[in-house]
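Note sheet for the following structure.
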Protein chains: 2
Amino acid sequence: MRRREGKSESRDKEVEEEESSISSLWSEVRELSLGTTSRIERLDSPPSPLQFLRDFVSPNKPCIVSNAIHHWPAISSWTQDSYLSQKLQHTPISLHLTPDGRADSLVPLRPYEDSDLCFASSHVELMPFPQALQHIIHSSDSDSPFVAYAQEQNDCFRSEYSVLASDVETHIPWASEALGCLPEAVNLWIGNHASETSFHKDHYENIYAVVSGEKHFLLLPPTDVHRMYIRDYPAARYSFSQATGQFTLQLEKPFRFVPWCSINPYPSSSTKQAHMELFPRYFNGPEPFQCTVKAGEILYLPSMWFHHVRQSPDSKGRTIAINYWYDMQFDIKYAYFNLLQKIDFPCAGVS
Amino acid sequence: MRRREGKSESRDKEVEEEESSISSLWSEVRELSLGTTSRIERLDSPPSPLQFLRDFVSPNKPCIVSNAIHHWPAISSWTQDSYLSQKLQHTPISLHLTPDGRADSLVPLRPYEDSDLCFASSHVELMPFPQALQHIIHSSDSDSPFVAYAQEQNDCFRSEYSVLASDVETHIPWASEALGCLPEAVNLWIGNHASETSFHKDHYENIYAVVSGEKHFLLLPPTDVHRMYIRDYPAARYSFSQATGQFTLQLEKPFRFVPWCSINPYPSSSTKQAHMELFPRYFNGPEPFQCTVKAGEILYLPSMWFHHVRQSPDSKGRTIAINYWYDMQFDIKYAYFNLLQKIDFPCAGVS
């Protein structure tokens with residue numbers, strides 16, 4: 001990027017140098033702070049607020065905390081379907097339905113055709129919790145016409161699920177003290193092995209607690225934004241017909257674009273080659289950070305980190321997690337990120 | 001910088017866009033975090049370690065703390081020349097001599113000629129403290145052949161000045177707890193009104209305590225690095241001859257370059273116009289942050305911030321300060337800074 005000396009240099013040369021500057025940012029942040037393996041640091045017990053702030057929040061670095069929520073009544077009671085169904089007997093909750101478990105993800109607007117991709121939101125059905133839970137458990141069967149996922153992200157735990165409030169903590173004390181505030185939103189997630197969340201980032205500090213089953217995360221720091229190939233995709237929504245047992249996918253009206261990560265980290269064998277050629281910065285760059293968060297553990301997912309989530313169910317066929325979104329600080333890190341995001345590439349490669 | 005769409009755009013257009021991206025970084029970090037005036041936040045008493053870490057260290061934001069060191073014996077005892085001279089009667093200390101009080105600054109290699117600038121270090125003379133103190137006090141007189149400044153920055157307070165240890169705290173408790181370590185270096189500064197430190201940055205978290213007199217700071221955040229016009233200058237050193245009362249300035253052998261900020265924020269009326277034309281990003285950009293730190297106050301000067309320092313003496317003609325350098329975290333902020341620094345401009349303007 002040394003344009004000052006660059007009058008005689010070709011534009012290609014400049015682009016090459018810009019790309020190498022950005023790929024050295026990817027390695028530098030790993031060598032300096034995050035570590036050069038794909039492992040996430042583990043703590044055997046909750047950190048002090050000061051340690052959490054100094055060693056993880058301030059450097060924007062994830063960690064997994066064991067023995068963090070073992071004292072929650074939910075750890076035992078939520079493993080019983082009967083307990084949950086009784087508590088929430090008359091509570092209507094929002095259930096998200098998709099053909100394949102991939103809500104808020106990129107799919108061809110017209111399946112079976114090689115059409116353009118759109119950003120597909122799930123079909124949302126309001127129904128009594130006991131019925132929703134049965135759908136979640138049984139929709140992992142191969143003959144189910146849909147995959148059901150309770151994943152409303154509108155502070156749902158403090159609204160729809162408020163009767164369960166006393167089974168967990170209303171906030172995570174060491175995180176609240178470190179961050180100097182209470183959670184902005186608390187969300188409950190109940191899914192099965194088929195449910196998957198595509199790569200995205202949130203403008204929150206995220207404390208993610210797994211109550212039952214396991215969550216599998218792929219994580220990339222904000223410095224790696226160019227490896228996500230964020231592009232604008234037209235917004236669409238699934239609609240499921242009880243009558244036909246079929247989904248239709250239609251563009252939202254009014255038409256709008258959603259900027260979203262283009263990367264599918266687990267492409268099918270038939271699309272893998274094409275995907276790797278289209279998105280070399282992801283596939284040729286440093287391996288993403290990986291972790292499995294088990295029941296009783298907490299993942300600190302720092303603000304602006306890109307994350308992709310899959311899950312393994314417990315013996316009853318469900319994965320249950322609750323996450324606390326805390327407001328992030330819009331400070332110098334955020335301003336740097338916005339500058340980085342403005343740097344764009346004419347071509348894909350950085351190998 | 002939207003090169004992806006840029007195949008048809010001229011290079012000048014791209015450069016313009018790159019410059020506007022960087023100048024919006026300057027305003028964004030102010031609007032989001034630092035504030036849009038030139039004022040530095042003031043605290044009436046020391047913050048808790050958690051508050052200091054969350055509100056200032058993590059966002060890389062300076063603050064001034066009042067009533068921070070009023071309990072130090074130094075606050076009263078160091079105002080007495082007799083006390084200091086008696087304590088340090090037989091202690092040889094390093095005194096820095098320059099013709100004009102500007103050590104470690106850019107001056108023409110051959111004065112009175114319009115020659116190239118070099119990075120000039122001071123002449124360092126080892127002498128008993130009492131004699132050094134008299135030099136400091138009297139070298140502010142117009143007829144003095146030199147300006148003397150005790151400003152050795154090699155942890156001198158814990159070596160040369162160790163007999164004064166009990167007059168201050170060995171570290172700043174709330175800062176040490178927040179940063180999770182003890183100071184890497186502690187330096188003492190004794191100067192007069194003529195002593196001035198040119199714009200530079202340090203790779204340390206800096207706790208700067210003024211014991212007597214006042215220090216006047218100009219501060220710019222690391223995001224503003226392009227406004228400093230850091231260039232390589234040949235290293236030179238002053239040599240003062242007692243016999244002739246004259247300074248000579250010679251290039252260091254072996255020859256070496258020092259990267260240094262090109263900005264003099266207070267150019268003489270004769271050079272001001274040229275200076276402003278050479279360095280428009282400094283003079284046309286946002287006003288630097290400014291503060292005066294009085295006796296008894298502490299300035300938190302965050303790592304990597306550019307700072308320029310002048311001083312006003314107490315009634316005895318000296319300004320005394322002590323600063324604690326703590327190791328900084330080389331985290332994502334530092335990696336972002338290194339990327340930013342690589343972006344360079346073919347031309348000067350940003351207006």
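To find a chain, count down the sequence lines: A is the first, B the second, and so on, and within it residues start at 1.
Residues of residues 34-53 of chain B lying under 4.5 angstrom from chain A, judged on non-hydrogen atoms, are B:Pro49, B:Leu50, B:Leu53 in numerical order. Of residues 57-65 of chain B, those residues lying under 4.5 Å from chain A by any heavy-atom pair are B:Ser58, B:Pro59, B:Asn60.
Not a single salt bridge (Lys or Arg N to Asp or Glu O under 4.0 Å) links A:Arg54 to another residue, sequence neighbours left out. Shown here are the salt bridge (Lys or Arg N to Asp or Glu O under 4.0 Å) partners of A:Asp331, two or more places apart in sequence or in another chain: A:Lys333.
We find the CZ-CD1 distance between A:Arg30 and B:Ile332 to be 10.0 Å, quoted to the nearest 0.5 Å.
Residue A:Glu177 touches chain B through both its backbone and its side chain, counting heavy-atom pairs closer than 4.5 Å.
Between chain B and the options A:Ser24, A:Pro222, A:Pro221, A:Ala335, heavy-atom pairs under 4.5 Å are most frequent for A:Ala335.
Nearest heavy-atom pair across B:Leu32 and A:Phe330 is CB-O, 3.2 Å.
Checking each of A:Leu340, A:Leu25, A:Leu339 against B:Leu340 for a side chain to side chain contact (heavy atoms under 4.5 Å, CB included) leaves exactly one that passes, namely A:Leu339.
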